[in-house]
Amino acid sequence: MLNDFKIIFTNPEAFNYVVEGFTNTLLVTVIAALIGLAIGFVVAIVKISAGQFKFMKIPAIICDVYTTVIRGTPVALQLFIMVFSLFAIRGFKPYAVILTFGINSGAYISENIRAGISSTDSGQMEAGRALGLSWTKTMIKIIMPQAIKNIIPAIGNEMIALLKETAIVSMVGATVGTLTFDLNTASTTIYYAKNIGVSSYLSCAIVAGLLYLIVVYFMVWVVKLLERRMGRSERRH
């Protein structure tokens, strides 16, 4: 096994391929997370505003169906449907993968944001309206700043889950350079390493696991840092 590790980190081809796969995994995660945040924010606002504006009732129902379906079905199934059915377009597979993860993440993030907004004291909205602010301005200036503090841990957990979910990308044979480290389907990183002499899948699995662990630990650290800063800011006020 030690010889396997040596090959992975000393052979330029193997090492470059591992770096490429790791980099692309992070890239897919970041883009999908941004898509998920955008979708989640819009869906959460639509659902909450339905209680204030009658014309938002139908969009809110559509959003309810979206979150129910996405959260109630496996992401692997969603990936297969998106890649091989809805977006079965030549050359579009990598983008379909990213879009799938973004849509999946958006459903969970929307509920996190909605829960964060709902957890704020209802008197905050009443106070804003009493000051002459519109519902929208009260939401932006008073409610949302408080809600952000409440949802940071949940959003952080969703980002971590999204990073680890990218490991199923190779199930659909999608490649953008190398997207992930999926041992069960001989991912491109392990396959390439094996071709140049790495005989142990366990060695590659350990390397992949360590890389994921490092990133996850860093993300946890960032979330805790944000929580502490938000807490200090709140105490100052």
Side-chain angles (χ1 to χ4, degrees), residues 21-50 56-118 139 144 147-148 150-182 184-185 187-188 212 215-216 219 222-223:
F22 182 62
T23 302
N24 286 332
T25 296
L26 294 180
L27 183 62
V28 169
T29 302
V30 170
I31 297 175
L34 293 175
I35 294 173
L37 285 169
I39 293 175
F41 180 78
V42 171
V43 171
I45 294 301
V46 168
K47 285 187 174 185
I48 291 174
S49 62
M56 296 299 291
K57 294 289 186 182
I58 294 179
I61 292 174
I62 296 173
C63 289
D64 280 331
V65 173
Y66 157 69
T67 55
T68 299
V69 172
I70 296 299
R71 296 174 72 204
T73 56
V75 64
L77 176 62
Q78 297 166 21
L79 193 61
F80 271 97
I81 292 174
M82 292 285 280
V83 171
F84 296 120
S85 180
L86 297 181
F87 292 101
I89 304 171
R90 183 182 297 273
F92 195 75
K93 185 181 290 186
Y95 306 102
V97 168
I98 294 173
L99 188 59
T100 301
F101 284 123
I103 292 174
N104 178 271
S105 182
Y108 291 93
I109 290 176
S110 68
E111 289 302 296
N112 293 334
I113 295 175
R114 186 187 63 79
I117 293 175
S118 299
M139 183 65 67
M144 286 303 298
I148 289 175
N150 297 331
I151 65 178
I152 284 179
I155 297 296
N157 289 335
E158 174 56 30
M159 297 301 100
I160 291 172
L162 176 61
L163 171 68
K164 292 187 288 186
E165 284 173 355
T166 59
I168 69 171
V169 169
S170 60
M171 290 175 59
V172 295
T175 56
V176 181
T178 53
L179 281 172
T180 188
F181 300 97
D182 184 16
N184 294 328
T185 54
S187 68
T188 49
Y212 274 116
V215 178
V216 168
M219 293 171 72
V222 170
V223 170

Visitor: Using a 4.5 Å cut-off on heavy atoms from C-beta on, say whether the side chain of T25 contacts that of L163.
Guide: yes
Visitor: Can you name the nearest heavy-atom pair linking A107 to Y66, along with the distance?
Guide: N-OH, 3.0 Å
Visitor: Kindly give the heavy-atom pair with the smallest separation between Y212 and T166, and that separation in Å.
Guide: OH-OG1, 3.7 Å
Visitor: Between A60 and A50, which heavy-atom pair has the shortest distance, and what is it?
Guide: CB-CB, 3.5 Å
Visitor: Out of V30, V216, I109, T29, which residue meets the side chain to side chain contact (heavy atoms under 4.5 Å, CB included) rule with M159?
Guide: I109
Visitor: Closest approach of I39 and G102, non-hydrogen atoms and distance?
Guide: CD1-O, 4.2 Å
Visitor: Please tell me if the side chains of N150 and I117 come closer than 4.5 Å, counting only heavy atoms from C-beta onward.
Guide: no
Visitor: Is the backbone N or O of D64 less than 3.5 Å from a side-chain atom of T67, with the two atoms forming a donor-acceptor pair by type?
Guide: yes
Visitor: Indicate the atoms forming the closest heavy-atom contact of K93 with F84, along with that distance.
Guide: NZ-CE2, 4.3 Å
Visitor: In Å and rounded to the nearest 0.5 Å, what is the CE to CZ distance from M82 to F92?
Guide: 8.0 Å
Visitor: Without swapping roles, check the side chain of Q78 against the backbone of I70 for a donor-acceptor pair under 3.5 Å.
Guide: yes
Visitor: If you take all heavy atoms of V83 and A96, which pair is closest and at what distance?
Guide: CG2-CB, 4.2 Å
Visitor: For residues N157 and Y108, determine if any side-chain heavy atom of one lies less than 4.5 Å from a side-chain heavy atom of the other.
Guide: no
Visitor: What distance do S110 atom OG and I45 atom CD1 have between them, rounded to the nearest 0.5 Å?
Guide: 11.0 Å
